[in-house]
Amino acid sequence: MGHFDDVCAQALSDPESFWGDIAETIDWDRKWDSVLDSANPPFYRWFAGAELNTCHNAVDRHVAAGRGQQPAIIYDSPVTDTVRKITYQELQDQTATFAGALAGAGVTKGDRVIIYMPMVPEAAVAMLACARLGAVHSVVFGGFAANELATRIDDAKPKVIVSTSCGIEAGRVIPYKPLLDAAIDGASHKPDHCIIMQRPQVTAEMIPGRDLDWNEAVAAAEPHPCVSVAATDPLYILYTSGTTGQPKGIGRGNGGHAVVLAWSMKAIYNVDPGEVFWAASDVGWVVGHSYIVYAPLFHGCTTVIYEGKPVGTPDPGAFWRVITQHGVSVLFTAPTAFRAIRQQDPNADYLKGHDLSHFRALFLAGERCDPDTLSWAERTLKVPVIDHWWQTETGWSIAANCLGIEPLPVKPGSPARPAPGWDLKVLDTAGAAVEPGTIGAICAKLPLPPGCFPTLWQAEERYLDSYMREYPGYYASGDAGMIDEDGYVFVMARTDDIINVAGHRLSTGAMEEVLAAHPEVAECAVTGVADSLKGQLPVGFLVLSSDSQKAPDEVVKEVVQMVRNQIGPVAAFKTATVVKRLPKTRSGKILRGTIRKIADGESYKMPATIDDPAILTEITEALATIGYPKGG
Ligand code: COA
Ligand code: AMP
């Protein structure tokens with residue numbers, strides 16, 4: 001057995017001493033009564049009885065240990081032509097003062113705060129300030145529309161919302177305040193206050209009494225100390241797509257999260273304190289929570305907050321510029337970013353002249369990494385390119401090639417082996433483990449390792465229904481795939497209605513709900529079809545009501561706009577087609593999988609249960625009118 005096998009064996013055979021030893025790296029205000037409380041499965045609780053503060057562990061303790069002058073954050077914003085460094089000392093001061101401002105607005109331990117901000121360092125300051133107070137933050141991605149924000153306001157019931165006057169996308173400025181105001185208007189719950197950071201590009205109109213200016217609130221505030229919370233108290237809620245339009249509020253506790261993320265920086269990413277780590281994602285996603293903000297700071301690294309894109313800000317050399325300029329050791333992004341760079345610069349001409357000698361590894365996640373993109377990245381960068389698999393639910397890797405423990409040979413298409421603490425099994429529909437190499441539902445034996453979601457925010461039944469009941473004793477990941485003879489995991493597809501568009505997790509069910517609300521649409525289906533840049537793109541199929549008076553093209557245009565207005569531009573829903581009927585099974589289930597195969601030009605078997613096979617010919621013809629299959 002190699003070293004990696006030893007570590008995994010130890011983590012599974014004696015999880016309490018494995019994670020208990022690792023937990024010594026964290027500053028606790030009170031030690032745990034038990035490392036793992038298994039009294040109420042499947043609600044396992046790590047470090048029950050312990051108390052700590054997440055912000056102290058991410059910031060204050062590093063200042064106390066002499067890192068005060070090291071940059072904690074490098075803010076690099078090509079869209080505003082800004083580079084700004086914030087030391088650990090400055091981050092501590094800013095976070096303590098903003099925590100004071102939040103407290104002044106009435107926020108105390110356990111209250112929720114929604115953060116609706118673009119990639120500016122103040123987003124991280126706001127998150128850490130919540131953690132400092134023991135308040136629960138919920139960051140909402142800027143690409144979501146007002147309606148999605150309203151849904152989250154009603155679910156999280158925030159006392160305060162923190163936002164900015166605008167976000168900046170390549171080539172356009174997006175005023176956030178009108179979206180925020182519309183969301184609050186549309187929500188039943190109303191926050192007491194909004195704290196708005198004005199940016200020079202747009203001045204937000206303020207509502208007197210409710211809205212507070214960030215600078216004024218901070219100027220009037222006293223620095224607030226760190227508040228001790230239970231390890232099992234919630235640190236944040238992060239909403240992610242589920243099967244329906246109602247997003248799932250993934251909860252995350254303080255204790256296990258700090259332990260596992262601090263450990264992962266060395267064990268998985270092989271990064272040391274003091275080094276520069278860059279996750280090119282967004283604070284609105286789980287990757288941003290874990291690897292832009294918390295993990296690098298727990299570990300005493302410098303993290304990069306990049307407000308730009310891999311291409312177009314200004315060119316496909318943007319990533320190489322940032323890596324060189326800031327001495328980045330390890331980059332973490334989604335494969336789609338590399339597909340975007342490769343499409344515009346296939347020979348990597350923009351790499352020339354950049355000194356990447358300090359750059360050690362590229363980690364990819366968020367969607368399946370196609371072997372072509374993997375090998376292009378390896379050839380171009382000449383460093384290990386590591387695919388790893390994880391989910392909002394888990395907050396860190398389920399399967400990874402742990403460079404800091406023992407690098408394993410790379411198998412293209414696989415995120416390598418289960419990370420320490422994960423006992424993965426591929427199960428068939430009857431719940432039995434399948435043979436190596438056989439596809440089934442990828443499940444993790446309970447208890448899950450520390451850091452994973454203890455429940456869904458105020459939705460315990462949904463937690464049990466969505467994840468725990470189908471395979472008793474296991475967490476159903478929602479991903480299908482296989483594990484080969486060498487123990488390598490291959491994640492192939494979702495088992496539900498979730499699609500992955502440019503590394504963003506989206507629900508086709510939620511899009512169908514929007515389309516179905518159009519008065520002329522009698523029935524609809526949305527399916528994800530393959531896209532060479534974004535991995536998948538949603539395509540809609542509409543059956544119009546028999547008395548529809550509108551031209552099909554007009555309805556298509558309207559539903560495209562409706563999805564943009566109600567879910568947001570991030571849904572990238574731009575294509576729909578009108579069909580006479582939808583293919584269904586005799587019991588009425590829409591055959592979305594078959595539609596997808598036709599759109600992707602894959603061969604498919606005529607489903608035995610299909611109601612009327614002629615419908616598939618109609619679907620093929622309708623797809624041809626909108627250019628699918630591509631190149632076919
Ligand atoms: N605020 C407002 N709008 C946003 C937004 C934000 N934070 N993020 C994206 N959008 C908009 C985009 O402007 C775009 O609008 P458009 O339809 O008017 O063009 C739309 O949402 C779709 O955005 P995106 O999917 O990002 O596509 P893109 O064409 O702008 O860029 C990539 C494509 C591949 C370059 C980009 O998706 C990317 O860099 N991905 C990196 C992967 C990543 O960050 N994944 C997160 C998980 S690790
Ligand atoms: P999210 O919760 O947004 O992080 O999305 C999680 C989903 O993205 C997973 O359930 C997978 O379907 C997919 N995913 C993430 N990483 C990978 C990966 N490395 N390989 C394959 N699929 C992945």
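If you read the sequence from its start, that first residue is 1, and numbering goes on from there. Counting starts at 1 for both ligands and their atoms, in listed order.
Counted within 6.0 Å of NZ on Lys597, heavy atoms from surrounding residues, nucleotides or ligands total 12 or fewer; the atom is thus considered open. Annotation for Glu205: atom CD does not count as buried by contact number, only 12 or fewer foreign heavy atoms lying within 6.0 Å.
For ligand 1 and Trp285, the ligand atoms under 4.0 Å from any heavy atom of the residue are 46 (C). Within ligand 2, counting atoms from 1 as listed, the ones closer than 4.0 Å to a heavy atom of His388 are 16 (N), 18 (C), 19 (N). The ligand atoms of ligand 2 that sit less than 4.0 angstrom from a heavy atom of Val491 are 21 (C), 22 (N). With ligand atoms numbered from 1 in the order given, ligand 1 contributes 11 (C), 12 (C), 13 (O), 14 (C), 15 (O), 16 (P), 18 (O) to contacts under 4.0 Å with heavy atoms of Arg172. For ligand 1 and Val287, the ligand atoms under 4.0 Å from any heavy atom of the residue are 48 (S). Here is the list of ligand 1 atoms found below 4.0 Å of a heavy atom in Gly503: 47 (C). Each of the atoms 21 (O) of ligand 1 lies under 4.0 Å from some heavy atom of Val570. Numbered from 1 in the order shown, with element, the atoms of ligand 1 that lie under 4.0 Å from a heavy atom of Ala334 read 42 (C), 45 (N). Heavy-atom proximity to Ile174, at under 4.0 Å, picks out these atoms of ligand 1: 2 (C), 3 (N). Within ligand 2, counting atoms from 1 as listed, the ones closer than 4.0 Å to a heavy atom of Arg494 are 9 (C), 10 (O), 12 (O).
Side chain to side chain, Tyr306 and Thr333 fail the donor-acceptor criterion of an N or O pair below 3.5 Å. Side-chain contact check for Ser264 and Tyr291: at least one donor-acceptor pair (N or O, by modelled atom type) lies under 3.5 Å.
Where the criterion is an N or O separation shorter than 3.5 Å, residue side chain and backbone included, Lys534 meets it with respect to ligand 1. Checked by distance only, ligand 1 and Thr333 stay at 3.5 Å or farther apart across all their nitrogen or oxygen atoms. On a distance-only criterion, Pro415 and ligand 2 share no N/O pair closer than 3.5 Å. Residue Ser477 places no N or O, backbone or side chain, under 3.5 Å from any N or O of ligand 2. Distances between N or O atoms of Arg564 and those of ligand 1 include at least one value under 3.5 Å.
Nearest protein heavy-atom contact of atom 34 (C) of ligand 1 is Thr336 OG1, 3.5 Å. For atom 19 (O) of ligand 1, the nearest non-hydrogen atom of the protein is Lys574 NZ, 3.9 Å. Counting protein heavy atoms only, atom 5 (O) of ligand 2 is closest to Arg505 CD, 3.5 Å. With respect to atom 8 (N) of ligand 1, the closest heavy atom belonging to the protein is Phe141 CZ, 3.4 Å. Counting only heavy atoms of the protein, atom 16 (N) of ligand 2 lies nearest to Gly366 N, 3.1 Å. From the protein, the heavy atom lying nearest to atom 31 (O) of ligand 1 is Lys309 NZ, 4.0 Å. The shortest contact between atom 48 (S) of ligand 1 and any protein heavy atom is with Ser281 OG, 3.6 Å. Closest protein heavy atom to atom 18 (C) of ligand 2: Glu367 O, 3.3 Å. Scanning the protein heavy atoms around atom 10 (N) of ligand 1, the nearest turns out to be Glu169 OE1, 3.3 Å. Looking only at heavy atoms of the protein, atom 6 (C) of ligand 1 is closest to Gly143 N, 3.4 Å. Among all non-hydrogen protein atoms, the one lying nearest atom 9 (C) of ligand 2 is Asp479 OD2, 3.2 Å.
Closest heavy-atom contact between Ile292 and Val304: CG2-O, 4.1 Å. The minimum heavy-atom distance linking Phe359 with Val383 is given by the pair O-CG1, 3.3 Å. Residues Pro310 and Ala318 approach most closely at O-CB, 4.0 Å, considering heavy atoms. Residues Ser241 and Leu506 approach most closely at OG-CA, 3.5 Å, considering heavy atoms. The minimum heavy-atom distance linking Leu261 with Gly395 is given by the pair CD2-O, 3.9 Å. Listed here is the closest heavy atom pair of Ala399 and Ala416: CB-O, 4.2 Å.
Panel note: side chain Glu512, backbone Val526; a donor-acceptor pair is recorded below 3.5 Å. Proximity of a side-chain donor or acceptor of Ser163 to a complementary backbone N or O of Tyr116 within less than 3.5 Å is detected. The backbone N or O of Gly242 lies less than 3.5 Å from a partner atom in the side chain of Ser507, making a donor-acceptor pair.
Each of Ile483, Val426, Ile398, Asp479 was compared with Val489 under the side chain to side chain contact (heavy atoms under 4.5 Å, CB included) criterion, and only Ile483 meets it.
By the criterion of a heavy-atom distance under 4.0 Å, the backbone of Trp390, and not its side chain, is placed next to ligand 2. Heavy atoms from both the backbone and the side chain of Pro569 come within less than 4.0 Å of ligand 1. With a 4.0 Å heavy-atom cut-off, ligand 2 is reached by no atom of His504. Contacts between Arg339 and ligand 1, counted as non-hydrogen atom pairs separated by less than 4.0 Å, are absent for every part of the residue. When non-hydrogen atoms are compared, ligand 2 lies under 4.0 Å from the side chain of Asn500 (C-beta onward) but not from its backbone.
Using a 4.0 Å cutoff on heavy atoms, Gly478 does not count as a contact of ligand 2. Proximity of Phe332 to ligand 1 is not established, as no heavy-atom distance is less than 4.0 Å. At least one heavy atom of Pro310 lies less than 4.0 angstrom from ligand 1. Heavy-atom distances between Ala502 and ligand 1 reach below 4.0 Å in at least one pair.
Arg505 has a carboxylate O that lies under 4.0 Å from a charged side-chain N of Glu393, or vice versa, which qualifies the two as a salt bridge. A salt bridge does not link Arg592 to Asp497: none of the charged nitrogens lies less than 4.0 Å from a carboxylate oxygen. Of the charged side-chain nitrogens involved, at least one lies within less than 4.0 Å of a carboxylate oxygen, so that Arg84 and Glu122 count as a salt-bridged pair. With salt bridges taken as basic N to acidic carboxylate O contacts below 4.0 Å, none links Asp370 and Arg368. Between Asp181 and Lys177, at least one side-chain N (NZ, or NE/NH1/NH2) sits under 4.0 Å from a carboxylate O, which counts as a salt bridge.
Distances from atom 36 (C) of ligand 1 to the protein include no heavy-atom value under 4.0 Å. For atom 46 (C) of ligand 1, the nearest protein heavy atom is under 4.0 Å away.
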Apply the test side chain to side chain contact (heavy atoms under 4.5 Å, CB included) to residues Thr240 and Phe453: give CA-CA distance (whole Å), side-chain angles for both, the deciding distance (0.1 Å), then the verdict. CA-CA 12 Å; Thr240 189; Phe453 68 143; over 6 Å; no

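Taking all heavy atoms of Thr240, Thr392, Val287, Leu238 into account, the minimum distance to atom 1 (P) of ligand 2 is reached by Thr392.
Relative to the six-membered ring of Tyr294, Arg252 misses at least one condition, a distance below 6.0 Å or an angle of at most 45° to the axis.
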